[in-house]
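One structure below.
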Amino acid sequence: MASGIVNIRRDVDDKFYRYRMPVLTTKIEGKGNGIKTVIPNMSDVARALSRPPTYTTKFFGCELGAQTTFDEKNDRYIVNGAHNADRLRELLDVFIDKFVLCKSCKNPETELVILKSGRQEDIIRDCKACGERTGVDMRHKLTTFIVKNPPVKIKKGKNKNTGDAAGGIGGGGNLDPTADQVDSPDGGAESDDELTKKIKAEAAELNTETALAREDWSADTSPEAVKQRVKALESSMAAAVLGGDDDGSDDDANSPFAQLGRWIQENPDDDAKARSLAIYKKAEELGIDKKHKTVTILVQTLFTANIAAEVEKYGALFTKMVTSEKHQKALLGGIERFVGFSHPDLVSAVPKILMAFYQIDLLDEEVVTQWGTHVSKKYVDKETSKKVRKASDPFLKWLQEAEDDEDDD
């Protein structure tokens, strides 16, 4: 497998597992004595683990007895020699076990801390999940490199480096939909103002408006489209990333939210009305029919790649479930995860998806405008959030123009 997303702990066979990372990829360059293995997505993998990419690359070198090269400016990480991708993935699992997972609870939500006692220096894993502090094996060669190159602490209000447990896709990134202010400066995330400036500066780069201007924003009701809508839901759940909640963590495969997600996936029905009623009754049975996170789960599991055309037929169900601003934010968070992880090819369709929900009165202008112009790590990692929200620009512009027209009238 050359691309995709996998659980950080590959021994956990649960698609609802909260902590995820990109699959490590490799590229062999050169020949003879100059042959080398380049790791194109080393930064992305390291970010998911909340560790600097130099740590993981250096670990490979230590284990393989090979020299390593870091070019952080150009995001290029190299291990000398030709090394099979599967072999490096196996070594990555060893790195995760030795330098990421909490020894007590086996949770990857940790940060490395260097403690000095006289001339002796120890490296510990400070777990943000269970609070335990567990040491690493100081006999490993990598520990010398870590001590000489400790995780850099970034000042308040700036994005923490990948050595901090609060950053990244899966290694402790705050994906809890219940938190009201996830990206507060105290939490170490980049401030909304700074990220908003970045979105506006990069809006022209995506140029989604030009592409979408040629598209029809109406739902496709052709027989072929209808057939596509009722395909198996497993494809839409393949890369779903679900955050925690105050009523049960997704780390627990038996949480009510995980149960609902699996039940929806395993019980498809061509009759949207009957299916909507069954889903609502199941949510009531699990005691989560009023929980805002349930809305996020619905978006991730109920729709296929034809989501923009399918929204209307499930409108009654969402109208019943979306009853507050918090529920609307959870709905938008579900769209972020659905598009950002399960269907990245639908990024350009984000305005159509938003329009579909807006037309059935599920999104308020103020809520969707605030969402579209501010980046957050509440539901996905920062880069995915920026990409999805930036893609909403044509819809936001349409909203603004419609409002201006009403003011003129």
Side-chain angles (χ1 to χ4, degrees), residues 1-6 8 20-96 98-100 108 111-112 114 123 136 140-155 158-173 188-190 194-195 198 201-202 205 381-384 386-387:
M1 179 167 54
S3 63
I5 297 176
V6 296
I8 285 179
R20 316 270 279 177
M21 68 178 180
V23 175
L24 188 76
T25 58
T26 60
K27 180 182 178 183
I28 306 297
E29 294 184 357
K31 57 184 179 179
N33 293 333
I35 196 167
K36 55 192 176 184
T37 303
V38 180
I39 309 172
N41 67 339
M42 187 75 269
S43 291
D44 294 331
V45 173
R47 186 181 300 114
L49 300 176
S50 300
R51 298 291 183 268
T54 53
Y55 287 10
T56 44
T57 309
K58 187 67 176 179
F59 180 83
F60 292 153
C62 292
E63 293 292 313
L64 296 168
Q67 290 186 335
T68 54
T69 305
F70 320 128
D71 184 355
E72 296 180 78
K73 183 177 180 181
N74 295 310
D75 196 26
R76 189 172 167 85
Y77 299 90
I78 300 169
V79 180
N80 283 5
H83 304 288
N84 183 277
D86 290 335
R87 173 58 177 155
L88 292 186
R89 289 169 193 156
E90 290 173 359
L91 290 178
L92 183 62
D93 290 338
V94 178
F95 173 83
I96 291 170
K98 289 180 176 291
F99 294 96
V100 178
E111 68 174 348
L112 294 181
I114 299 176
I123 303 172
V136 304
H140 196 282
K141 293 179 181 179
L142 181 65
T143 58
T144 302
F145 180 82
I146 293 175
V147 170
K148 291 181 179 179
N149 302 273
V152 178
K153 292 293 182 181
I154 303 299
K155 292 183 179 180
K158 298 291 183 180
N159 183 36
K160 292 185 179 181
N161 75 337
T162 51
D164 191 328
I169 296 175
E190 193 167 351
E194 292 168 341
L195 292 170
K198 287 185 179 181
E202 297 174 10
E205 178 186 315
D381 61 282
K382 186 180 68 177
E383 290 304 315
T384 301
K386 183 163 61 175
K387 180 172 65 176

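Excluded from the calculations below are hydrogen atoms, water molecules and symmetry mates; all remaining heavy atoms, backbone and side chain alike, are included. For this chain, numbers begin at 1 and follow the sequence in order.
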Test item: V45 and I39 side chains (from C-beta on) under 4.5 Å apart, heavy atoms
no
Identify which one of T56, L49, T143 satisfies the side chain to side chain contact (heavy atoms under 4.5 Å, CB included) criterion when paired with F99.
T143
Mind listing the closest non-hydrogen atom pair of P150 and I114 along with its distance?
CB-CD1, 3.5 Å
Between M42 and L24, is there a side-chain heavy-atom distance shorter than 4.5 Å?
yes
With a cut-off of 3.5 Å and sequence neighbours excluded, list every side-chain donor-acceptor pair involving residues 26-36.
{"residue": "E29", "atom": "OE1", "partner": "R76", "partner atom": "NH2", "Å": "2.6"}

Got F95 and L142 here, is their nearest side-chain heavy-atom distance under 4.5 Å?
yes
Output for pair (I123 CD1, L112 CG), nearest 0.5 Å, gives 6.5 Å
Can you find a pair of side-chain heavy atoms, one from R87 and one from L91, that are under 4.5 Å apart?
yes
Check whether any side-chain heavy atom of V94 lies under 4.5 Å from a side-chain heavy atom of F59, and answer yes or no.
yes
Keeping T37 on the side-chain end and G81 on the backbone end, is there a donor-acceptor pair under 3.5 Å?
yes
Residue pairs meeting salt bridge (Lys or Arg N to Asp or Glu O under 4.0 Å), one or both in residues 56-75, sequence neighbours left out, come to none
Output every pair passing ring pair (Phe, Tyr, Trp, His ring centres under 6.0 Å) with a member in residues 63-86, not counting sequence neighbours, ordered by first then second residue.
F70-F145
Near Q67 CD, under 6.0 Å, is it more than 12 heavy atoms from other residues, nucleotides or ligands?
no
Test side chain to side chain contact (heavy atoms under 4.5 Å, CB included) applied to K141 - qualifying residues, sequence neighbours left out:
C62
With a 4.5 Å cut-off on side-chain heavy atoms, are M21 and I96 touching?
yes
Identify the heavy atoms of E111 and R51 that sit nearest to each other, and give their distance.
CA-NH1, 3.9 Å
Any R47 side-chain heavy atom under 4.5 Å of D381 side chain:
no
Taken in chain and number order and not counting sequence neighbours, the residues that satisfy side-chain hydrogen bond (donor to acceptor under 3.5 Å, both in side chains) with D93 are R10
Using atom types as modelled and distance alone, determine if a side-chain donor or acceptor of T57 lies under 3.5 Å from a backbone N or O of T54.
no
Return the minimal non-hydrogen interatomic distance between V79 and F60, and the atom names on each side.
CG2-CB, 4.0 Å
Compare every heavy atom of A48 with every heavy atom of P22, then report the nearest pair and how far apart it is.
CD-CB, 4.0 Å
